[in-house]
Amino acid sequence: MSVLKLKNSYTKSVEVFQPLDPQGQKVTMYSCGPTVYSFAHIGNFRSFLMADVLRRVLERNGYEVRHVMNITDVGHLTEDDVADAQGEDKLQKAAREMGWDPYKLARHYEDAFVEDARRLRMKNYSGGEAGEPDLHPRAAGHVPEMLALIQKLVENEYAYIDDSGQAYFEISKFPDYGKLSGKLIDDLEAGARVAVGEHKRDPRDFYLWKVDPKHLMQWDPHSEKGWDPADYARYRQLQPDGVDKRLKPGFPGWHIECSAMARAHLGALIDIHTGGEDNIFPHHECEIAQSFGAYHTHVPGPHGAPDEGSARNAFARYWVHGRFLLVNNKKMSKRDGTFYTVRDLLDPRAAEREELAAELETAGFKAGRVPANVLRYALISNQYTQQMNFGVDLLKQARASVERLQTRYDKLREMVGDDTDPNADGVASDSVLELVTKAEGAFDDALNDNLNLPNALAAVFGAVTELNQKELGPAEAREALRLMESFDEVLDVLDRSARSGLITRETVTTWLDAEQLVTKASHLKHWAEMPDREQLWEMIEAGQLPMAEDLAPVETMDAAVIELAVAIRQAARKAKDFATADAIRDELKHRGVQLEDTPQGFRWVLG
RNA sequence: GGUGGCGUAGCCAAGUGGUUAGGCAACGGAUUGCAAAUCCGUCACACGAGGGUUCGAAUCCCUCCGCCACCUCCA
């Protein structure tokens, strides 16, 4: 198997991945998560899904991954309104606009985020991981760790406190500031602004602790005022002597949270830090500065890095940044309103986006809704190092691709059936075994090549085409099914439930016996009284086919209903009554069951 | 203004000096009562423009054009 390589933003080069763990087993990964002041949009999720794919690829390489993704629920300032030079906390602003308590607001949007994350099958929100708060730390719950970190920075003289009780990181103390973003420290000065009420020694210095009496989320570093009791107890334990007396009640700066939470849950040095490209500067630049200032950590440059092996002042060894997703070739912007949230696409009508629903419906999306697996596919199908232009066309293509995979998967599942004995049907031919080995190898090679999804997908579709060309025996189908499932460990776009089946022609022939047909008809509530075949036929001929209300909804569509429809339709076909036969097929399709005639029999597929 | 990136057939998108990934769409054919699915074929000797280096360039060099991002909140 090939070696995993990643593009490291720190060096701008593609480097061989090697964990810091001396045993080479454990990998620590920190991903900048959402700021929960509104619904996360698909640009956010492109970045989160990039992290999701990365952790899956790491796992595929045999690593044991500990993946932390934070929730930012305090301290993220707007600072974008020139008239309001103080800036306002994003959450506070949203809370004020909605008339909500900021904590309630944060929890509301966090819940929505988790729901979206699950629907898009993010692994860190599935299984046991979902219930592990340490893997999804909230910033507001880590003020003790942040204050402890600030105190350390003050003690190490990387931070100072002004006369209004605010703390800043002193850039000039850290000469490597700017190394990640490639910015020259001197050039930054011109662009930096000094807000009203700030007493910075240097305009480039950034907030660690901010004082603003108007702010609703406040912590007093010297008393239990404003604290959650449990957090305060932890604070006392963590920092028994408290922090510098000059610090006044306030709230943490944005950058400090990630340094503190990564330290708390992963350690002072981590393997991988991910985020969107906009995080490079200033957020991650500041995190590096803080971590170094507090712990003086050095990380050795990985194999393939220009500074290979030599110590760096960085707390993460690999910095992996996803490029932006664009809409209409422009950056998505919450301000301009040119963005889609995940829920906008999954259910536009519920999100009151009627126009979008109509557009999606025209594009062939049922009820105007984009299936979550299609959205996931669309968002991961490009390489993260490239900008991606999002649009309905992309979704259409993603849907077609997912359906092609799903169809192949369903057919293989039918062929394998419930048989779990791998030796039940002999051995697969060499040609199929070779196909499977080669395809899986090509898939892995592409993923390990800096998550080259387009090439990985080329391997997937190449394999699908080759499999479609072959007549597979049972053992071969089992191998092929395993291959598809292997692909899906990373892609995670397949519906793995049994959603299709084949009813042989012979079976249907026996159903056409009058008694059996009537028995089957009893599964329909309106037809339960049918006394005999004659009367049943009269109804069929009168066009009284199974109506929508007669059939169970898709979720509970049971085999008996499908079998009845197949039987009646086949009777109609035999009688060359194709209008009736087609009407039944259309009705089933409308109800979510697609019927296909194959040489072997009648294939039905849910969905 | 500074910095970084991109421009590959109708669309999405790999490919970093020589044997042309893949997907989607469209069209033709096979199959089918009609569909669906699948297969075969076509569009496809494409690489923003112009120069240069080379036996040979999408790939290297130069110039130009267009687009995007970061430098300020943003994934």
Side-chain angles (χ1 to χ4, degrees), chain A residues 9 12 31-35 37 40-51 72 76-82 87-90 93 178 181-184 187-188 190-193 254 274-283 321-326 329-335 339 377-378 381-391 393-405 407-408 410-411 442 446 449 452-465 467-470 500 573 576-579 581-582 585-586 589 594-599 603-605:
Chain A
S9 314
K12 293 186 177 26
S31 298
C32 280
T35 302
Y37 66 106
H41 57 64
I42 52 170
N44 299 129
F45 268 97
R46 184 196 185 191
S47 169
F48 303 148
L49 287 173
M50 179 268 286
T72 297
H76 201 157
L77 300 185
T78 53
E79 295 264 333
D80 57 349
D81 185 350
V82 180
E88 188 176 8
D89 187 295
K90 281 168 178 289
K93 182 164 182 271
S181 54
K183 295 189 188 308
L184 297 171
D187 294 343
L188 291 169
R193 290 200 320 259
W254 174 37
T274 77
E277 59 175 316
D278 57 317
N279 281 156
I280 295 172
F281 187 89
H283 191 48
H321 292 100
R323 301 213 61 191
F324 271 130
L325 173 147
L326 311 174
N329 285 307
K330 294 268 189 228
K331 191 176 79 164
M332 288 186 64
S333 152
K334 292 190 179 183
R335 246 204 235 156
F339 72 95
Y377 184 97
S381 58
N382 285 9
Q383 197 169 15
Y384 73 94
T385 51
Q386 301 295 328
Q387 286 176 342
M388 153 187 271
N389 192 28
F390 187 85
D393 270 356
L394 180 72
L395 291 172
K396 276 168 78 172
Q397 295 183 9
R399 183 189 55 203
S401 301
V402 169
E403 279 173 3
R404 187 169 162 83
L405 298 181
T407 300
R408 181 68 267 184
D410 289 342
K411 287 184 177 170
D449 180 17
N452 191 329
L453 264 292
N455 274 341
L457 291 170
V460 170
F461 287 102
V464 168
T465 299
L467 289 171
N468 284 340
Q469 286 165 340
K470 291 179 187 295
S500 67
R573 289 179 83 217
K576 300 247 185 264
D577 178 3
F578 294 119
D582 292 350
R585 191 173 57 195
D586 290 348
K589 187 165 177 125
Q594 181 164 300
L595 209 58
E596 297 171 10
D597 302 332
T598 74
R603 193 168 172 264
W604 53 270
V605 189

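Throughout, protein chains are lettered first and strands after them, A, B, ... in sequence-line order, and every chain is numbered starting at 1.
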Do any side-chain nitrogens or oxygens of [X] fall under 4.0 Å of OP1 or OP2 in [N]?
{"X": "Thr35(A)", "N": "A75(B)", "value": "yes"}
{"X": "Arg404(A)", "N": "U38(B)", "value": "yes"}
{"X": "Lys396(A)", "N": "G23(B)", "value": "no"}

Check the interface with nucleotides 12-16 of chain B: list each N/O to N/O pair with the protein under 3.5 Å, or write none.
| residue | atom | partner | partner atom | Å |
| --- | --- | --- | --- | --- |
| A13(B) | OP1 | Asn382(A) | ND2 | 3.3 |
| A14(B) | O3' | Asn452(A) | ND2 | 3.1 |
| A14(B) | O2' | Asn455(A) | OD1 | 2.2 |
| A14(B) | O2' | Asn455(A) | ND2 | 2.4 |
| G15(B) | OP1 | Asn452(A) | ND2 | 3.2 |

So, using side-chain hydrogen bond (donor to acceptor under 3.5 Å, both in side chains) as the criterion, who are the partners of Arg603(A) when residues are at least two apart?
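With neighbours one apart ignored, the set is Glu414(A), Glu596(A).
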
When the [atom1] atoms of [N] and [M] are considered, how many whole Å apart are they?
{"N": "C70(B)", "M": "C24(B)", "atom1": "C1'", "result": "32 Å"}
{"N": "A25(B)", "M": "C71(B)", "atom1": "C1'", "result": "40 Å"}
{"N": "G7(B)", "M": "A49(B)", "atom1": "P", "result": "13 Å"}
{"N": "G2(B)", "M": "U42(B)", "atom1": "P", "result": "50 Å"}
{"N": "A9(B)", "M": "G22(B)", "atom1": "P", "result": "16 Å"}
{"N": "U54(B)", "M": "C39(B)", "atom1": "P", "result": "47 Å"}
{"N": "C27(B)", "M": "A36(B)", "atom1": "P", "result": "12 Å"}
{"N": "G5(B)", "M": "A21(B)", "atom1": "C1'", "result": "23 Å"}

Q: Check every strand shown and say whether Gly275(A) touches a base, only sugar-phosphate, or nothing at a heavy-atom separation below 4.0 Å.
A: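 Counting heavy atoms under 4.0 Å across all strands, the contact made by Gly275(A) is with sugar-phosphate only.
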
Q. Which is true for Thr465(A) with a 4.0 Å heavy-atom rule: it touches a base, it touches only sugar-phosphate, or it touches nothing?
A.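 Sugar-phosphate contact only.
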
Does any part of the side chain of Asp597(A), heavy atoms only, come nearer than 4.5 Å to the side chain of Arg573(A), both counted from C-beta?
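Yes, their side chains come closer than 4.5 Å.
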
Q: Measure the shortest side-chain to side-chain distance between Ser47(A) and Tyr384(A) over non-hydrogen atoms and say whether it is less than 4.5 angstrom.
A: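 Counting from C-beta outward, Ser47(A) and Tyr384(A) never come under 4.5 Å.
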
Pairing stems for RNA chain B [at least three consecutive pairs; Watson-Crick or G-U; under 3.5 angstrom]
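Stems (3+ consecutive pairs) listed as B:1-7 with B:65-71, B:10-12 with B:22-24, B:26-30 with B:38-42, B:48-52 with B:60-64.
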
Any idea which of [options] is nearest the [X] side chain?
{"X": "Ser401(A)", "options": "G23(B), A35(B), U38(B)", "answer": "G23(B)"}
{"X": "Asp582(A)", "options": "G33(B), A69(B), C71(B)", "answer": "G33(B)"}
{"X": "Arg573(A)", "options": "C34(B), A36(B), G5(B)", "answer": "C34(B)"}
{"X": "Thr407(A)", "options": "A35(B), C70(B), A37(B)", "answer": "A37(B)"}
{"X": "Ala458(A)", "options": "G22(B), A69(B), C71(B)", "answer": "G22(B)"}
{"X": "Glu277(A)", "options": "A25(B), A36(B), A69(B)", "answer": "A69(B)"}

query: Any idea which heavy atoms bring Asn382(A) and Leu453(A) closest together, and the distance?
result: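 Of all heavy-atom pairs spanning Asn382(A) and Leu453(A), the closest is O-CB, 4.0 Å.
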
Whole-Å gap separating [atom2] ([N]) and [atom1] ([X]):
{"X": "Lys411(A)", "N": "A37(B)", "atom1": "NZ", "atom2": "P", "value": "9 Å"}
{"X": "Glu403(A)", "N": "A25(B)", "atom1": "CD", "atom2": "C1'", "value": "14 Å"}
{"X": "Glu596(A)", "N": "A36(B)", "atom1": "CD", "atom2": "C1'", "value": "5 Å"}
{"X": "Phe324(A)", "N": "C6(B)", "atom1": "CZ", "atom2": "C1'", "value": "16 Å"}
{"X": "Asp597(A)", "N": "A37(B)", "atom1": "CG", "atom2": "C1'", "value": "11 Å"}
{"X": "Gln469(A)", "N": "C40(B)", "atom1": "CD", "atom2": "P", "value": "5 Å"}
{"X": "Asn329(A)", "N": "C11(B)", "atom1": "CG", "atom2": "C1'", "value": "12 Å"}
{"X": "Tyr377(A)", "N": "G23(B)", "atom1": "OH", "atom2": "P", "value": "10 Å"}

Exercise for review: Report the relative orientation of the aromatic rings in Phe461(A) and Tyr377(A); use parallel for angles under 30°, tilted for 30 to 60°, perpendicular for over 60°.
Suggested key: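 The rings of Phe461(A) and Tyr377(A) stand perpendicular, inter-plane angle above 60°.
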
* To do: Given side chain to side chain contact (heavy atoms under 4.5 Å, CB included), test Asp410(A) with Val605(A) step by step and report yes or no.
  => CA-CA 8 Å; Asp410(A) 289 342; Val605(A) 189; 3.8 Å; yes

Look at the side chain of Arg585(A) and the base of A35(B), then say whether one donor and one acceptor between them are separated by less than 3.5 Å.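 Indeed, a donor on one side and an acceptor on the other fall under 3.5 Å apart.
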
For Asp582(A), is there an ion pair with Arg585(A) - N to carboxylate O distance below 4.0 angstrom?
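Salt bridge between Arg585(A) and Asp582(A), a charged N being under 4.0 Å from a carboxylate O: yes.
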
**Prompt:** Taking atom types as modelled, is there a side-chain donor on Thr465(A) or Arg404(A) under 3.5 Å from an acceptor on the other?
**Reply:**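 Short answer, yes.
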
Which distance, rounded to the nearest 0.5 Å, do you find between the OG of Ser401(A) and the NZ of Lys396(A)?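 NZ of Lys396(A) is found 13.0 Å from OG of Ser401(A).
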
When rounded to the nearest 0.5 angstrom, what distance separates CD in Gln397(A) from CG in Leu395(A)?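 Spacing of CD (Gln397(A)) from CG (Leu395(A)) equals 9.5 Å.
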
inquiry  = For Lys411(A) and Ser500(A): C-alpha separation, side-chain torsions, deciding distance, then whether side chain to side chain contact (heavy atoms under 4.5 Å, CB included) applies.
reply    = CA-CA 8 Å; Lys411(A) 287 184 177 170; Ser500(A) 67; over 6 Å; no

Gln387(A) and Arg323(A): CA distance, side-chain angles, deciding distance, side chain to side chain contact (heavy atoms under 4.5 Å, CB included) verdict: CA-CA 5 Å; Gln387(A) 286 176 342; Arg323(A) 301 213 61 191; 3.5 Å; yes

